[in-house]
*Asks:* 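I have a structure here, written as structure tokens, and I will follow up with some questions on it.
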Amino acid sequence: MNKIIAAFDNKKAFIITYYNSYNYGAFLQAFALQEFLKSNNVDAFIWKFDSISAKVFGRVYSLLKPSKTTPEQLNYTRGKKESIISAQKYLNLRNRLEKSDLIILGSDEIWNVKNLGASHDYFMFKKQKLAKKTISYAACAGNTGEELLKKWPCAYKGIKSLDGVSVRDEKTLDIVKSFGRRDAVILIDPTFLIDFTKYLPYISISQPYLFVYSYGLKAEEILAIKKFAIENNLKTVATGCYSPWADENPTPDPFEWVALVKNSELVITSTFHGTALSIQQNVRFAVLNRSSHKIESLLNRFQLLNRMLTSETSLDYLASHDIDYKTINDQVHFEQKKSHEFIMKFL
């Protein structure tokens with residue numbers, strides 16, 4: 001009888017990713033992958049790892065570069081941090097890895113070793129003994145190049161040791177294929193794998209608004225955004241970093257943040273997840289050009305490179321032109337199926 005019951009036990013998976021960075025994308029990608037696994041009858045957990053390398057860098061950086069933060073910036077950052085931390089109660093965190101059927105590395109920039117403020121410990125790259133299988137899901141190398149990553153301890157041999165490799169952009173795909181992983185595939189970011197609707201709270205903004213998500217804008221970009229908002233009678237709501245030029249600087253939790261995206265008249269962003277959630281929530285958006293491989297790869301996949309803000313493509317143009325979300329949603333559905341097949345074949 002016990003053998004029969006055991007046969008119907010759920011599979012167990014652990015996720016190793018950046019769940020606790022103080023930005024919305026980091027939380028949302030971890031939460032979405034967790035919920036996707038749970039919806040497929042997998043007991044999903046996120047490892048609450050304590051990165052020594054990130055701690056050391058943070059301490060050294062704070063000593064070498066004294067902060068010039070204003071009281072307003074400090075209050076904003078503190079409020080944002082508290083809001084994101086408060087949402088961690090929705091994550092199935094575990095203090096240590098346990099024996100499991102699968103360990104998933106990623107998503108997010110887990111292989112961007114140029115990001116010195118993040119963790120790049122050995123476990124971000126290699127097969128883990130506590131799991132039957134170890135794979136990467138939509139991993140990204142960010143602005144790290146092939147030669148640097150190949151020299152990084154554990155990276156080259158570690159990625160080659162994985163049971164399955166998936167990435168989220170062409171640049172990272174080229175890198176891992178140069179490592180010998182010709183089987184690697186590009187898969188959609190986890191934030192596309194679930195329907196966020198049931199998690200979103202009601203939000204109230206006193207008038208139609210323009211939603212800005214960035215970690216720093218150029219002076220000419222701020223002028224263009226303010227001019228567009230005034231001409232179209234829109235309030236400016238900014239998140240990401242403190243923006244004194246904006247009408248509102250809220251510090252929402254991640255689900256409130258998605259709700260702000262969903263209910264906006266137009267999203268203006270310079271980030272990957274600002275772009276991804278705009279597409280996922282079917283809203284009009286404009287992407288500020290930062291020569292980001294990962295954003296360009298995402299836009300190209302959905303044939304949305306024309307949403308990039310350039311000297312030839314104005315905010316007025318992007319705000320007035322609809323996006324064919326029926327076709328895009330069909331493609332998202334196809335990508336979801338690919339992701340499901342990739343993950344489940346290792347369980």
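Keep in mind the model is a prediction, meaning the values are calculated, not measured.
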*Asks:* Would you check if the side chain of Glu296 reaches a backbone N or O of Leu305 as a donor-acceptor pair within less than 3.5 Å?
*Replies:*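 Answer holds: no.
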*Asks:* Are Met308 and Leu288 in one and the same hydrophobic cluster, where Ile, Leu, Val, Met, Phe, Trp and Tyr link if side-chain heavy atoms are under 4.5 Å apart?
*Replies:*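 Looking at the clustering, Leu288 is in a separate group from Met308.
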*Asks:* Whether the side chain of Ser136 engages the backbone of Leu105 through a donor-acceptor N/O pair (distance < 3.5 Å, no angle test) should be reported.
*Replies:* no
*Asks:* Provide the closest heavy-atom pair for Asn41 versus Asn10 in the form atom of the first, atom of the second, distance.
*Replies:*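 Here Asn41 and Asn10 meet closest at O-CG, 3.3 Å.
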*Asks:* Which distance, rounded to the nearest 0.5 Å, do you find between the CG of Asn75 and the CG of Asn249?
*Replies:* 11.5 Å
*Asks:* State the CD1-CD1 distance between Ile328 and Ile279, to the nearest 0.5 angstrom.
*Replies:*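 Reported to 0.5 Å precision, the distance equals 6.5 Å.
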*Asks:* Under 3.5 Å, sequence neighbours excluded: what are the donor-acceptor pairs made by side chains of residues 340-347?
*Replies:*
unit_1	atom_1	unit_2	atom_2	d
His340	NE2	Asn40	OD1	2.8

*Asks:* Does the side chain to side chain contact (heavy atoms under 4.5 Å, CB included) test come out yes or no for Ile323 and Leu304, once each step is laid out?
*Replies:* CA-CA 9 Å; Ile323 298 171; Leu304 287 171; 3.8 Å; yes
*Asks:* Find the distance between NZ (Lys177) and CG (Asp183) and round it off to the nearest 0.5 Å.
*Replies:*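 Spacing of NZ (Lys177) from CG (Asp183) equals 9.0 Å.
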*Asks:* For Leu149, is there any backbone N or O sitting under 3.5 Å from a side-chain donor or acceptor partner on Thr144?
*Replies:*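 Side chain of Thr144 to backbone of Leu149: no pair is present.
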*Asks:* Hey, does Tyr137 have a side-chain heavy atom less than 4.5 Å from the side chain of Pro190?
*Replies:*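 Pro190 reaches Tyr137 side chain to side chain.
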*Asks:* Looking at side-chain heavy atoms only, is the closest gap between Ile46 and Phe31 below 4.5 Å?
*Replies:*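 The answer is no, as the side chains (C-beta and beyond) never meet within the 4.5 Å cut-off.
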*Asks:* Enumerate donor-acceptor pairs with a distance under 3.5 Å from any side-chain N or O in residues 95-103 to protein atoms, sequence neighbours excluded.
*Replies:*
unit_1	atom_1	unit_2	atom_2	d
Glu98	OE1	Lys12	NZ	3.1
Asp101	OD1	Lys132	NZ	3.2
Asp101	OD2	Lys12	N	2.8

*Asks:* Do Phe36 and Ile16 belong to the same hydrophobic cluster, where Ile, Leu, Val, Met, Phe, Trp and Tyr are linked whenever their side-chain heavy atoms lie under 4.5 Å apart, directly or via other members?
*Replies:* no
*Asks:* If you define the side chain from C-beta out and look only at heavy atoms, does anything of Gln29 sit under 4.5 Å from Asp108?
*Replies:*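 Gln29 reaches Asp108 side chain to side chain.
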*Asks:* Less than 4.5 Å apart, any side-chain heavy atom of Phe228 and any of Asp316?
*Replies:*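 Phe228 vs Asp316: side chains touch.
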*Asks:* Is a donor from one side chain sitting under 3.5 angstrom from an acceptor on the other, for Thr327 and Asp330?
*Replies:* no
*Asks:* Within this structure, what is the CZ-CZ distance for the pair Arg94 and Phe14, rounded to the nearest 0.5 Å?
*Replies:*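 Rounded to the nearest 0.5 Å, the CZ-CZ separation comes out at 6.5 Å.
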*Asks:* Tell me if the aromatic rings of Phe49 and Phe123 count as close, with their centers under 6.0 Å from one another.
*Replies:*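 Close enough - the centres of the two rings lie under 6.0 Å apart.
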*Asks:* Look at the side chain of Thr77 and the backbone N and O of Leu74, then say whether any donor-acceptor pair between them is shorter than 3.5 Å.
*Replies:*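 Flag not set: sc Thr77 to bb Leu74 has no pair under 3.5 Å.
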*Asks:* How about Gln303: does its CD atom have over 12 heavy atoms from other parts shown lying under 6.0 Å from it?
*Replies:* no
*Asks:* With heavy-atom distances below 4.5 Å as the criterion, would you say the side chains of Glu248 and Thr236 are in contact?
*Replies:*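 They are not in contact (no side-chain heavy atoms under 4.5 Å apart), so the answer is no.
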*Asks:* Answer yes or no: are there more than 12 heavy-atom neighbours, outside Lys157 itself, under 6.0 Å from its atom NZ?
*Replies:* no
*Asks:* Check whether any side-chain N or O of Tyr76 sits under 3.5 Å from a backbone N or O of Pro71 as a donor-acceptor pair, and report yes or no.
*Replies:* no
*Asks:* May I ask you to say whether Arg290 pairs ionically with Glu221, meaning some side-chain N is under 4.0 Å from a carboxylate O?
*Replies:* yes
*Asks:* Using a 6.0 Å distance limit plus a 45 degree cone around the ring axis, check whether Arg307 lies over the aromatic ring of Phe285.
*Replies:* yes
*Asks:* Under 6.0 Å between ring centres: does that hold for Tyr90 and Tyr199?
*Replies:* no
*Asks:* Hey, are the side chains of Ile135 and Leu162 touching, using non-hydrogen atoms and a 4.5 Å cut-off?
*Replies:* no
*Asks:* Is Ser214 reaching over with its side chain to a backbone N or O of Gly216, donor-acceptor style, under 3.5 angstrom?
*Replies:*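 Indeed, once roles are kept as given, a pair shorter than 3.5 Å links the two residues.
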*Asks:* Would you confirm whether the ring centroid of Phe27 sits within less than 6.0 angstrom of the ring centroid of Phe255?
*Replies:* yes
*Asks:* Decide if atom NZ of Lys338 counts as having more than 12 heavy atoms of other residues, nucleotides or ligands within a radius under 6.0 Å.
*Replies:*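 Enclosed: over 12 neighbouring heavy atoms sit under 6.0 Å from NZ of Lys338.
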*Asks:* With rounding to the nearest 0.5 angstrom, report the CG to OG1 distance, Asp189 to Thr191.
*Replies:*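 Interatomic distance, Asp189 CG to Thr191 OG1, rounded to 0.5 Å: 3.5 Å.
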*Asks:* May I ask you to decide whether Glu265 forms a salt bridge with Arg284, counting only side-chain N to carboxylate O separations under 4.0 Å?
*Replies:*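 No, no charged N to carboxylate O under 4.0 Å.
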*Asks:* For the residue pair Tyr213 and Trp257, is the inter-centroid distance of their aromatic rings smaller than 6.0 Å?
*Replies:*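 That pair passes the under 6.0 Å test.
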*Asks:* What pair of heavy atoms forms the shortest contact from Val42 to Ala13, and how long is it?
*Replies:*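 So the minimum-distance heavy-atom pair works out to CG1-CB, 3.7 Å.
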*Asks:* Between atom OG1 of Thr239 and atom OH of Tyr215, what is the distance when rounded to the nearest 0.5 Å?
*Replies:* 7.5 Å
*Asks:* Would Thr134 and Asp163 count as having a side-chain donor-acceptor pair, cut-off 3.5 Å?
*Replies:*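 Their side chains do not contain a donor-acceptor pair, so the 3.5 Å distance test is not met.
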*Asks:* Between Val258 and Leu266, is there a shared hydrophobic cluster once you connect ILVMFWY residues whose side-chain heavy atoms come closer than 4.5 Å?
*Replies:* no
*Asks:* Spell out, yes or no, whether Trp47 and Leu93 are grouped together once hydrophobic residues are joined by side-chain heavy atoms under 4.5 Å, including indirect joins.
*Replies:* no
*Asks:* Answer yes or no for Arg168 and Phe272: cation-pi contact, defined as NZ/CZ to six-membered ring centre under 6.0 Å and angle to ring axis within 45°.
*Replies:* yes
*Asks:* Quick check: closest heavy atoms across Ala224 and Leu315, and the distance to 0.1 Å?
*Replies:* O-CD1, 3.9 Å
*Asks:* So, does Arg181 use its side chain to make a donor-acceptor pair with the main chain of Lys160 at under 3.5 Å?
*Replies:*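 The answer is yes, because a donor-acceptor pair under 3.5 Å joins these two groups.
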*Asks:* Other residues, nucleotides and ligands only: do more than 12 of their heavy atoms fall within 6.0 Å of CZ on Phe334?
*Replies:*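 Atom CZ in Phe334 is not packed in, count stays at 12 or less.
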*Asks:* Looking only at side-chain N and O atoms, does Ser178 offer a donor or acceptor that is under 3.5 Å from a partner on Glu146?
*Replies:* yes
*Asks:* Would Lys151 and Glu147 pass as an ion pair if we require N to O under 4.0 Å?
*Replies:*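 No, this pair does not count.
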*Asks:* Is a side-chain N or O of Ser243 found less than 3.5 angstrom from the main chain of Cys241, in a donor-acceptor match?
*Replies:* yes
*Asks:* Is a side-chain donor-acceptor pair under 3.5 Å present for Asn300 with Ser297?
*Replies:*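 Checked: Ser297/Asn300 side chains show no N/O donor-acceptor pair below 3.5 Å.
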*Asks:* Can a donor-acceptor pair be found between the side chains of Asp195 and Thr197 at a distance below 3.5 Å?
*Replies:* yes
*Asks:* Strictly distance-based, threshold 3.5 Å: is any side-chain N or O of Tyr325 a donor or acceptor partner for the main-chain N or O of Val283?
*Replies:* yes
*Asks:* Looking only at heavy atoms, what is the nearest atom pair of Lys226 and Trp245, with distance?
*Replies:*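 Result for this residue pair: CG-CE3, 4.0 Å.
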*Asks:* Would you say the side chains of Ser339 and Gln336 form a donor-acceptor pair under 3.5 Å?
*Replies:* no
*Asks:* Under a 3.5 Å threshold, yes or no: a donor from one side chain and an acceptor from the other, between His293 and Asn143?
*Replies:*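 On atom types as modelled, these side chains do not qualify, holding no pair under 3.5 Å.
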*Asks:* Would you name the heavy atoms of Ile295 and Thr271 that are closest together and state the gap between them?
*Replies:*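 What the structure gives for the nearest pair is CD1-C, 3.5 Å.
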*Asks:* In the structure I gave you, are the side-chain heavy atoms of Lys235 and Pro208 within less than 4.5 Å of one another anywhere?
*Replies:*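 They are not in side-chain contact.
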*Asks:* Between Ser86 and Asp253, is a side chain to side chain donor-acceptor pair (under 3.5 Å) present by the stated rule, with each step listed?
*Replies:* CA-CA 7 Å; Ser86 71; Asp253 70 28; 5.1 Å; no
*Asks:* Let me check something: do Leu277 and Phe192 share a hydrophobic cluster, defined by ILVMFWY side-chain heavy atoms less than 4.5 Å apart, either directly or through other members?
*Replies:*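 Both belong to a single hydrophobic cluster.
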*Asks:* What are the two closest non-hydrogen atoms of Leu318 and Ala286, and how far apart are they?
*Replies:*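 Between these two residues, the closest heavy atoms are CD1-CB, 3.4 Å.
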*Asks:* Side chain of Asn92, backbone of Ala44: donor and acceptor closer than 3.5 Å?
*Replies:* yes
*Asks:* With heavy-atom distances below 4.5 Å as the criterion, would you say the side chains of Leu200 and Gln281 are in contact?
*Replies:* yes
